[in-house]
Each structure stands twice: as structure tokens, then as C-alpha cells.
Amino acid sequence: MLIEINLYASLAAFLPRAERVTAGPMLDVDEGTTILELLRRFQVPMEQVKMIFLNGVHATGEEVLHERDRVGVFPAVAGG
């Protein structure tokens, strides 16, 4: 099934180069895959993850993905 994943800011480096070329890369994942399993697939260090969104709603990472879901993952950011 296809899902969209966006890793923002410093986390973008964990996406393979081909997926970084386009905004909103579509990935083929197995039925029953969770967000956390997807992040492990890309070796995203969970200590760097601050917020996860699934279809625009805050998520824990335990959610099972479905066809055409959109996942957004943000690191902690600082500035001012």
C-alpha cells in the first residue's frame, strides 16, 4: 500500500536520496506497518523525534498505517 512520508528539518537526511527529491514522497509499505516501524526502516533516531502527525493529527507512532495515509515527523527545533 502507498503512504506519504515527510521527515522535516534535520530528519530529512534519513530518507533515501530518491525520496528526498520530491515533496511528499510516496512509499510502498506492507499492510499492518506502524509509524514506528516505518521510522525504524529509515533508521531515524527516536531521541531526535519531537512530533509525529498522521493525516494532520498528532500521533504516538503506534498507529497502523493505511492506504494513502500521510505521515509527518518533526525534530525539536530552537530559535528565536
Side-chain angles (χ1 to χ4, degrees):
M1 70 182 173
L2 291 176
I3 61 101
E4 179 182 323
I5 181 151
N6 291 288
L7 301 180
Y8 293 99
S10 59
L11 298 179
F14 292 96
L15 277 177
R17 182 178 281 290
E19 278 81 14
R20 281 186 261 157
V21 172
T22 61
M26 299 299 288
L27 296 176
D28 192 19
V29 299
D30 295 332
E31 294 281 336
T33 299
T34 67
I35 296 170
L36 290 176
E37 289 169 341
L38 184 63
L39 295 177
R40 281 189 214 108
R41 172 177 165 181
F42 293 115
Q43 299 179 354
V44 175
M46 292 310 297
E47 64 274 4
Q48 292 183 26
V49 173
K50 178 66 175 174
M51 291 187 300
I52 301 171
F53 289 91
L54 177 60
N55 300 320
V57 177
H58 189 265
T60 65
E62 297 294 332
E63 295 83 359
V64 174
L65 296 167
H66 299 94
E67 182 74 24
R68 301 290 176 181
D69 274 347
R70 294 174 295 118
V71 177
V73 184
F74 295 83
V77 293

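This structure is a prediction, so every number in the text was calculated from the model and none was measured.
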Using side chain to side chain contact (heavy atoms under 4.5 Å, CB included) as the criterion, list what pairs up with E67, not counting sequence neighbours.
M1, L2
Taking the side chain as C-beta and beyond, is there a heavy-atom pair between I5 and V29 under 4.5 Å?
no
Please tell me whether V57 and L7 are part of a single hydrophobic cluster in this structure, the criterion being side-chain heavy atoms less than 4.5 Å apart.
no
Please write out which residues are connected to V64 in a hydrophobic cluster, directly or through intermediates, given that two of Ile, Leu, Val, Met, Phe, Trp, Tyr count as joined at side-chain heavy-atom separations below 4.5 angstrom.
none
Step by step, would you call L36 with M46 a side chain to side chain contact (heavy atoms under 4.5 Å, CB included)?
CA-CA 9 Å; L36 290 176; M46 292 310 297; 3.4 Å; yes
Students should find that the hydrophobic cluster of Y8, defined by side-chain heavy atoms under 4.5 Å apart, otherwise consists of M51, F53, F74
Once side-chain hydrogen bond (donor to acceptor under 3.5 Å, both in side chains) is applied, do any residues pair with Q48, and if so which ones, sequence neighbours excluded?
none
Where do F42 and L27 land on the side chain to side chain contact (heavy atoms under 4.5 Å, CB included) test, with the steps shown first?
CA-CA 12 Å; F42 293 115; L27 296 176; 3.4 Å; yes
Just how far is it from atom CG of D30 to atom CG of L65, taken to the nearest 0.5 Å?
11.0 Å
Once side chain to side chain contact (heavy atoms under 4.5 Å, CB included) is applied, do any residues pair with E63, and if so which ones, sequence neighbours excluded?
I35, L54, A59, T60
Can you check side chain to side chain contact (heavy atoms under 4.5 Å, CB included) on R41 and T33, steps first, answer last?
CA-CA 10 Å; R41 172 177 165 181; T33 299; over 6 Å; no
